[in-house]
Enquirer: 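Structure in structure tokens, see below.
Order of appearance sets the numbers: ligands from 1, and atoms from 1 within every ligand. All values below were derived from every heavy atom in this structure, side-chain atoms included, with hydrogens, water molecules and symmetry-related copies excluded. This is a predicted model, so every value here is computed, not measured.
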Amino acid sequence: MSTDTLDRTASLDPSLPERFADGSAHAIFAQLRREAPVHWCPESQFGPFWSISSYDDIVAIEAQPALFSSEAKHGGVSIIEINPAEASYMESFIMMDPPRHAQRRRTIAPAFTPSEMARLADSIRTRTAACLDALPRGETFNWVDRVSIPLTIDMLAILFDFPWDERDSLRIWSDAITSLDMIANRSQERVGLLFQMAGRFHQLWLERQAAGPAPDLLSMMIHSQSFGEMDAAEFMGNMATLIVGGNDTTRNSMSGLAEALTLWPDQWDKLRSDPSLVANAASEIIRWQSPALHMRRTALEDTDFKGHQIRKGDKLVLWYVSANREEGLFPNGDLFLVDRPNARRHLCFGYGIHRCVGARLAELQLQVLIEEMLQRDIRLETSGEVERAAHPFLAIVNRVPVRLG
Ligand code: HEM
């Protein structure tokens, strides 16, 4: 790298939350990919960190979990440092390294097999159809409130067989887990909500234990062989991971879909004329939206990575949002193209041992949503500014004002 490039990139901090609200992060990542794909940011509101912004480098790091750790005690999987107190009462397998990780993942994975997905598909379709049929005609509404949030919350409630009338609590708890504002300014309120969540899931745990095996995810976990090794803190942590994993990411993909369809109505026409593109369109919206902007790892040893001296304890931020628009892999990556030939190659679900366990479920929900929209030819027209949250970890969309065309 030339001295000139070094000077220009030295001060780059792609983690500024505002960059993800106004979309300016994409230009920073394009520059980092070009000039400094492995980049040290010495100072940020989240402390110093390495930015890894290109596809192959992210894959190379995720392929070495023995060297680049996910463990909560080293800081976890987000640039936002995990609070040590929180780590003691919520432990999740997403923040575990081998060999513990594999044992715990085995408890949850059976809930996401193709046959389980087939079992869930009917209820997902019924809920989706009802939601679309209830949309207002001839007036502006927020797609996030009317479609993305209810559909993902309903799906989580179905997955856990969570009491239907209480399902809005899942949204409240999920927001409490991820809200930057709550983490920074309303920690008491946040802890209160997390304890409320712990209490409710503990009750359900006891009820499901007494009731015997059933196909919902909670019962599956509770009656699995390795559940005996899971204490209350771990049970809670896994619940939190499933709620955030299953809620925010899919919700924001659905919101991204509405935004993309208002920006590129020709893509809707393409889908209408060739519905066999639906599965590809679901992958493409996940790529374009990149719902998990990054995952983080922590170096367990001093090591050389591509000529850069990584020190033990350094934080590495793997920017999926950047890799998913890498020019050589995804030409015109800023565009949403339902027939993009390699849309499925996106890195949104991660790579390696932690690759998203719920990927099939997320794809299923998006496919069903697009299919049911096609059935009704739901053509979306933009009706105001899209509002994205200032958040460096999740691509959160708060408002997509639309009208049905
Ligand atoms: C578009 C939607 C989704 C995206 C983009 C997404 C993204 C991710 C990513 C990037 C990881 C890897 C974490 C890492 O490498 O550190 C992950 C793991 C995980 N996801 Fe998802 N996810 C989605 C949907 C879901 C759903 C629907 C669920 C469940 C209801 C879920 C549950 C999980 C769990 C439990 C893990 C931990 C896996 C492990 O550590 O072995 N996710 N997800």
Enquirer: Counting non-hydrogen protein atoms only, what is the nearest one to atom 5 (C) of ligand 1? Give residue, atom name and distance.
Expert: Cys348 O, 3.6 Å

Enquirer: Can His101 be said to touch ligand 1, with heavy atoms closer than 4.0 Å?
Expert: yes

Enquirer: What atoms of ligand 1 come closer than 4.0 angstrom to any heavy atom of Leu159?
Expert: 30 (C)

Enquirer: Strictly under 6.0 Å, is that where the ring centroids of Phe336 and Trp268 end up?
Expert: no

Enquirer: Over all heavy atoms of both residues, which pair between Pro215 and Arg119 is shortest? Give the atoms and the distance, please.
Expert: O-NH2, 3.3 Å

Enquirer: Would you say Val357 contacts ligand 1, with heavy atoms under 4.0 Å as the rule?
Expert: yes

Enquirer: Would Met155 count as a contact of ligand 1 if the rule is a heavy atom under 4.0 Å away?
Expert: no

Enquirer: Need the ligand 1 atom indices (1-based, order shown) with element for anything under 4.0 Å from a heavy-atom of Glu62.
Expert: 15 (O)

Enquirer: Atoms of ligand 1 less than 4.0 Å from Ile353 heavy atoms?
Expert: 41 (O)

Enquirer: Report yes or no: does Tyr351 have a heavy atom closer than 4.0 Å to ligand 1?
Expert: no

Enquirer: Does ligand 1 have an atom under 4.0 Å from some heavy atom of Met95?
Expert: no

Enquirer: May I ask you to establish whether Arg325 and Tyr320 are in a cation-pi arrangement, using a distance under 6.0 Å from NZ or CZ to the six-membered ring centre and at most 45° from the ring axis?
Expert: no

Enquirer: For atom 11 (C) of ligand 1, which protein heavy atom lies nearest, and how many Å away is it?
Expert: Phe349 O, 3.8 Å

Enquirer: Short N/O distance, under 3.5 Å, between His354 and ligand 1?
Expert: yes

Enquirer: Just need the protein heavy atom nearest to atom 42 (N) of ligand 1, so name the residue and atom and give the distance.
Expert: Cys356 SG, 3.0 Å

Enquirer: Please work out, at 4.0 Å between heavy atoms, whether the side chain, the backbone, both, or neither of Pro291 comes within that distance of ligand 1.
Expert: side chain

Enquirer: Looking at His354 versus Tyr351, is the centre-to-centre ring distance below 6.0 Å?
Expert: no

Enquirer: Run the numbers for me: atoms of ligand 1, each under 4.0 Å from some heavy atom of Ser253, listed by number.
Expert: 1 (C)

Enquirer: Only heavy atoms of Gly350, strictly under 4.0 Å: list the atoms of ligand 1 that pass.
Expert: 10 (C)

Enquirer: Write out the residue and atom name of the closest protein heavy atom to atom 27 (C) of ligand 1, then the distance separating them to 0.1 Å.
Expert: Gly246 CA, 3.5 Å

Enquirer: In this structure, does ligand 1 have an atom that sits under 4.0 Å from one of the heavy atoms of Leu366?
Expert: no

Enquirer: When you measure from the centre of the six-membered ring of Phe330, is the NZ or CZ of Arg340 closer than 6.0 Å and no more than 45° off the axis?
Expert: no

Enquirer: Please check if the distance between the ring centroids of Phe46 and Phe393 is under 6.0 Å.
Expert: no

Enquirer: Arg105 to ligand 1: N or O pair under 3.5 Å?
Expert: yes

Enquirer: Before we go on, tell me: are the rings of Trp264 and Trp288 under 6.0 Å apart, centre to centre?
Expert: yes

